[in-house]
Protein chains: 2
Amino acid sequence: MPGRDVTLGTIQRELTAFARRARHKAAQIHPDLSLVTYSMLDHMQASGGCRGIDLAEHFLLDKSTVSRQTAVLERLGLIVRAADPADRRGQILRPSAAGLRLLEEAHRQRRETFEERLADWGDEDLERFAGYLRRYNAEG
Amino acid sequence: MPGRDVTLGTIQRELTAFARRARHKAAQIHPDLSLVTYSMLDHMQASGGCRGIDLAEHFLLDKSTVSRQTAVLERLGLIVRAADPADRRGQILRPSAAGLRLLEEAHRQRRETFEERLADWGDEDLERFAGYLRRYNAEG
DNA sequence: TAAACTCAGATGTATTATGCAACTGATTGG
DNA sequence: CCAATCAGTTGCATAATACATCTGAGTTTA
């Protein structure tokens with residue numbers, strides 16, 4: 001087994017390579033949405049609606065960037081805004097019907113891409129991989 | 001165990017979240033180098049020297065982007081160029097002494113960051129995680 | 001061998017994501 | 001009720017990136 005240092009280097013390097021590739025692929029799959037913008041939409045759904053500031057914290061982005069990207073999503077009709085009943089300074093952002101359709105379609109395409117790439121992975125390896133990633137991100 | 005689709009979704013989502021965070025952290029660690037530019041330097045070392053076109057293929061970037069980023073690295077004195085003896089159209093790019101020092105320092109800082117984050121991971125989990133990532137990227 | 005093609009790299013130009021700073025409106029707390 | 005806080009927006013500057021084009025060096029072929 002290689003040393004811990006070498007392994008850490010591998011993890012960093014491979015995760016970075018993934019990041020680049022994901023961005024590239026995302027640009028093909030949803031041409032009008034950047035990877036981050038798409039991920040914001042996804043997060044809105046996964047969290048059952050959230051505020052812009054939540055997105056900024058989750059993705060480590062400036063709130064101005066979030067504001068602009070949500071503006072894009074709104075212009076495309078992919079989200080709806082609602083006043084936050086708990087604090088009327090904020091707005092709850094949710095995918096619109098069109099946004100949900102886009103997510104559905106993106107999931108489908110992603111499934112194809114990933115299935116192709118991960119076809120020969122056993123369910124157990126896949127699940128363990130997902131578990132490691134979840135664990136890794138959770139510890140930030 | 002969750003379904004394969006759900007697991008694939010988790011992998012995609014977590015990898016994407018990582019990508020954003022990595023970019024953010026990289027901006028702190030090496031202020032004058034973007035994550036990708038730093039990764040290029042790292043790849044030059046890991047591969048024992050490579051051409052610009054190799055970097056473009058590896059990171060799925062346009063060669064013009066690579067050209068500009070390598071220009072940045074050269075301006076900072078972090079790389080040296082040498083004619084490719086096998087094909088004199090190309091240039092072999094390698095970290096300079098200063099580039100190696102920067103990598104060394106970055107590795108040290110990364111080790112601290114990752115060690116903090118991955119402190120409670122056993123060597124076996126760490127190695128398996130690295131293995132999954134390598135395998136994942138290799139299948140592209 | 002000369003001409004046509006290929007390839008790595010560089011450059012011009014436009015787009016886009018991003019961060020910081022300043023501002024607005026609304027809420028909350030002392 | 002006034003000061004502090006907070007979510008969001010906008011102005012401005014910078015940087016990464018892609019696409020198209022150009023250049024110079026190799027390679028292939030007629």
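Residue numbering restarts at 1 for every chain, and letters A, B, ... go by the order of the sequence lines. When reading the values below, keep in mind they use all heavy atoms of this one structure, side chains included, and skip hydrogens, waters and symmetry mates.
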(request) Check the angle between the aromatic planes of B:Y136 and A:W121 and answer parallel, tilted or perpendicular using the 30° and 60° thresholds. (result) perpendicular

(request) For A:R88 and for A:M40, find the nucleotide of DNA chain C with the closest heavy atom, then tell me which residue's nucleotide is more 5'. (result) A:M40

(message) Restricting to non-hydrogen atoms, name the atom on B:F59 and the atom on B:S39 that form the minimum distance, rounded to 0.1 Å.
(response) CZ-O, 3.7 Å

(message) I want to confirm an ordering. Mapping A:D62 and A:H24 to their closest nucleotides on DNA chain D, which one lands closer to the 5' end?
(response) A:D62

(message) Can you give me the closest heavy-atom contact between B:G52 and B:V66, atom names plus distance?
(response) O-CG1, 3.5 Å

(message) Going 5' to 3' along DNA chain D, which are the first and last nucleotides with any atom under 4.0 Å from a heavy atom of chain B?
(response) D:dA16 to D:dG26

(request) Report which part of the nucleic acid B:V36 touches: base, sugar-phosphate, or nothing (heavy-atom distance under 4.0 Å, all strands). (result) sugar-phosphate

(request) Could you check whether B:S64 gets within reach of a base, just the sugar-phosphate, or nothing at all, counting any heavy atom under 4.0 Å? (result) base

(request) Using a cut-off of strictly less than 4.0 Å between a heavy atom of the residue and any atom of DNA chain C, enumerate the qualifying residues of residues 42-58 of chain B by number. (result) B:R51, B:G52, B:I53

(message) What is the distance, to the nearest angstrom, from the CZ atom on B:R68 to the P atom on C:dA8?
(response) 18 Å

(request) Send over the distance from B:I79 CD1 to C:dG9 P, rounded to a whole Å. (result) 11 Å

(request) Mind checking B:R89 for me? I need base, sugar-phosphate or nothing, with any heavy atom below 4.0 Å counting as a touch. (result) base

(message) Please confirm whether the shortest side-chain N or O distance from A:Q69 to OP1 or OP2 of C:dA17 is below 4.0 Å.
(response) yes

(message) Taking B:G77's backbone N and O only, do any of them form a donor-acceptor pair with B:S96's side chain (distance below 3.5 Å, no angle check)?
(response) yes

(request) Grab the two heavy atoms, one from B:L93 and one from B:R51, that are nearest each other, plus how far apart they are. (result) CD1-C, 4.2 Å

(request) Round to a whole Å and report the spacing from CG of A:L60 to P of C:dC20. (result) 12 Å

(request) Flag the pair B:E127 and B:R134 as a salt bridge only when some basic side-chain nitrogen lies within less than 4.0 angstrom of an acidic carboxylate oxygen. (result) yes

(request) List the atom of A:L55, the atom of A:C50, and the distance in Å for their closest heavy-atom pair. (result) CD2-SG, 3.6 Å

(message) Do the side chains of A:E104 and A:R101 get close enough for a salt bridge, i.e. N-O under 4.0 angstrom?
(response) no

(request) May I have the distance from B:D84 (atom CG) to C:dC7 (atom P), rounded to whole angstrom? (result) 15 Å

(request) Heavy atoms only: give me the nearest A:R81-A:Q91 pair and the separation to one decimal. (result) NE-OE1, 2.8 Å

(request) In whole angstrom, give the distance that lies between atom CZ of B:R75 and atom P of C:dT11. (result) 11 Å

(message) Side-chain N or O of A:T65 versus OP1/OP2 of C:dG19: is the shortest distance under 4.0 Å?
(response) yes

